[in-house]
Student: 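Mind having a look at this structure? Questions to follow.
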2 protein chains.
Amino acid sequence: MTKGNVAAPAPHRTPPEHVHPRDVPLETALAALSDPVRLALVRELAASDDWERTCGSFDVPVRKAALSHHFAVLRSAGLIEQRDAGAKRINRLRRAEFEERFPGLLALVLQQQAPGGGPE
Amino acid sequence: MTKGNVAAPAPHRTPPEHVHPRDVPLETALAALSDPVRLALVRELAASDDWERTCGSFDVPVRKAALSHHFAVLRSAGLIEQRDAGAKRINRLRRAEFEERFPGLLALVLQQQAPGGGPE
DNA sequence: CTAGTTGTTCGCCTCGCATCGAACAGTCTA
DNA sequence: TAGACTGTTCGATGCGAGGCGAACAACTAG
């Protein structure tokens with residue numbers, strides 16, 4: 001209570017806490033990938049080089065608060081790694097590690113698009 | 001209003017409505033498999049022969065109402081097929097069809113158990 | 001220093017999901 | 001026919017996930 005009621009949030013330049021895919025339960029990985037926004041993030045990230053995309057550079061229909069949340073979920077699922085670069089935070093898809101823990105899952109997610117993709 | 005307020009639910013012996021894996025979005029499949037109860041159902045089912053397991057024969061910690069719901073979810077995700085056999089309803093895992101639609105996913109789910117399974 | 005950019009955290013709200021008990025509809029067995 | 005058994009549906013409940021705006025912190029650019 002040093003400052004009335006104004007909560008003092010932890011400094012956000014704490015290095016992002018990462019979870020290695022090795023320590024991720026299958027349910028967590030599947031849940032992380034079952035959200036359309038996160039799926040879009042992963043796919044866009046997969047189409048870019050490592051450490052090339054900042055968090056704000058993705059084309060998803062949510063505001064930055066929600067976006068930040070989704071990145072945290074992806075981190076907790078061992079899907080991405082983040083690094084601070086100046087004021088920005090850059091991302092990398094953990095292809096190899098995730099593939100080792102969940103063989104084929106990432107590939108499935110990246111190549112699958114929509115059901116019934118062919119003509120009717 | 002024939003019987004006061006007692007609603008008359010639709011007869012439940014309507015043959016179960018199935019969804020072919022072909023028509024299932026990836027998100028739906030992943031979401032279906034990201035629940036621990038449903039994961040247990042799928043695994044137990046995979047360890048049995050087709051049409052051998054009734055709905056009530058699974059070892060999961062939920063009551064029958066929730067159980068019925070989970071089976072409906074699995075059906076909607078193209079993961080199982082159900083058939084009426086007398087008073088019981090028997091189940092079958094749609095191995096081949098699901099594998100064709102989501103290659104490797106079922107295998108992943110069936111072989112993966114818990115994270116950090118090895119010694120530290 | 002001042003102003004703009006980037007991303008996290010907080011508080012709040014709104015849904016959707018999982019769960020349960022109760023009621024019901026079939027089926028099977030005495 | 002009565003009763004036991006199986007599974008679905010309804011209605012209510014609790015809880016967590018996802019969304020937003022606002023405030024904040026760190027960095028960059030002038």
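A note on names: the letters A, B, ... follow the listed sequences, proteins ahead of strands, and every chain is numbered from 1.
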Student: D:dC5 P sits how many Å from B:I90 CD1, rounded?
Tutor: 21 Å
Student: If you fit an axis to the five pairs at each end of the helix from C:dC1-D:dG30 to C:dA30-D:dT1, how big is the angle between those two axes, to 10 degrees?
Tutor: 20°
Student: For the side chain of A:A87, counting heavy atoms from C-beta on, which of D:dT8, C:dC20, D:dC27 is nearest?
Tutor: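 So the nucleotide nearest the side chain must be D:dC27.
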Student: Under 4.0 Å, counting only non-hydrogen atoms across every strand here, what does B:V37 touch: a base, just sugar-phosphate, or nothing?
Tutor: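 Sugar-phosphate contact only - B:V37 comes under 4.0 Å of backbone atoms but never of a base.
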Student: Can you pull out the residues from residues 50-57 of chain A that lie within a 4.0 Å heavy-atom distance of DNA chain D?
Tutor: none
Student: Strictly below 4.0 Å: does A:R63 bring a side-chain N or O up to OP1 or OP2 of C:dG7?
Tutor: no
Student: Evaluate whether atom CD of B:E99 has more than 12 neighbouring non-hydrogen atoms of other residues, nucleotides or ligands under 6.0 angstrom away.
Tutor: yes
Student: Excluding sequence neighbours, so at least two apart, what forms side-chain hydrogen bond (donor to acceptor under 3.5 Å, both in side chains) with B:Q82?
Tutor: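 Partners of B:Q82 by the side-chain hydrogen bond (donor to acceptor under 3.5 Å, both in side chains) criterion, ordered by chain and then number, come out as B:R75, B:N91.
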Student: Could you please name the option among D:dT28, D:dG19, D:dT9 that lies closest to any side-chain atom of B:S68?
Tutor: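 Side chain of B:S68 sits closest to D:dT9.
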Student: Do B:L45 and B:F58 have side chains that approach each other closer than 4.5 Å (heavy atoms only, starting at C-beta)?
Tutor: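 Yes. Closest side-chain heavy atoms under 4.5 Å.
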Student: Show me the side-chain donor-acceptor pairs of residues 31-38 of chain B shorter than 3.5 Å, one per line, residues at least two apart or across chains.
Tutor:
residue : atom : partner : partner atom : Å
B:S34   : OG   : B:A31   : O            : 2.9
B:D35   : OD1  : B:V37   : N            : 2.9
B:D35   : OD1  : B:R38   : N            : 3.1
B:R38   : NE   : B:A32   : O            : 2.8
B:R38   : NH1  : B:H70   : ND1          : 3.1
B:R38   : NH2  : B:A31   : O            : 3.3

Student: Can you check the A:D84 CG to C:dT6 P distance for me, whole Å?
Tutor: 14 Å
Student: Might you confirm whether atom CD of B:E100 has over 12 heavy atoms from other residues, nucleotides or ligands at distances under 6.0 Å?
Tutor: no
Student: Check the distance between C:dT19's P and B:L67's CG and give it to me in whole angstrom.
Tutor: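 Rounding to the nearest Å, CG of B:L67 and P of C:dT19 are 10 Å apart.
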Student: Starting from P on C:dT19, measure out to NE2 on B:H69 and report it in whole angstrom.
Tutor: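 Between P of C:dT19 and NE2 of B:H69: 7 Å.
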Student: Does B:R38 place a side-chain N or O at less than 4.0 Å from the phosphate oxygens OP1/OP2 of C:dA18?
Tutor: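 Indeed, a polar side-chain atom of B:R38 lies that close.
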Student: Salt-bridge test for A:E97 and A:R92: reply yes if a basic N is under 4.0 Å from a carboxylate O, no otherwise.
Tutor: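 Yes, this pair counts.
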Student: Without decimals, in angstroms, what is the distance between B:D35 CG and D:dG16 C1'?
Tutor: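 Taking CG of B:D35 and C1' of D:dG16, I get 13 Å after rounding.
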Student: Taking atom P of C:dT19 as reference, at what distance in whole Å does atom CG of B:L41 sit?
Tutor: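 One finds 10 Å between P of C:dT19 and CG of B:L41, rounded.
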Student: List the steps, then state whether side chain to side chain contact (heavy atoms under 4.5 Å, CB included) holds for A:L41 with A:L67.
Tutor: CA-CA 10 Å; A:L41 293 177; A:L67 191 58; 4.0 Å; yes
Student: How would you list, by chain and number, every residue that makes a side-chain hydrogen bond (donor to acceptor under 3.5 Å, both in side chains) with A:R53, sequence neighbours excluded?
Tutor: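 Expected list: A:E44, A:S48, A:S57.
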Student: Within the 4.5 Å heavy-atom criterion, are A:L108 and B:L26 side-chain neighbours or not?
Tutor: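 Yes - at least one pair of side-chain heavy atoms lies under 4.5 Å apart.
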Student: To the nearest angstrom, how far is A:F71 atom CZ from C:dT8 atom P?
Tutor: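 One finds 8 Å between P of C:dT8 and CZ of A:F71, rounded.
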Student: Applying side-chain hydrogen bond (donor to acceptor under 3.5 Å, both in side chains), can you list everything that pairs with A:H20, at least two apart in sequence or on another chain?
Tutor: A:R22
Student: Are any of A:H70's side-chain N or O atoms less than 4.0 Å away from OP1 or OP2 of D:dG19?
Tutor: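 Yes, because at least one side-chain N or O of A:H70 sits under 4.0 Å from OP1 or OP2 of D:dG19.
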Student: Name the closest nucleotide to the B:K88 side chain, picking from D:dG7, C:dT8, C:dG26.
Tutor: D:dG7
Student: Rounded to the nearest Å, what distance is computed from the NZ atom of residue A:K64 to the P atom of nucleotide D:dG21?
Tutor: 11 Å
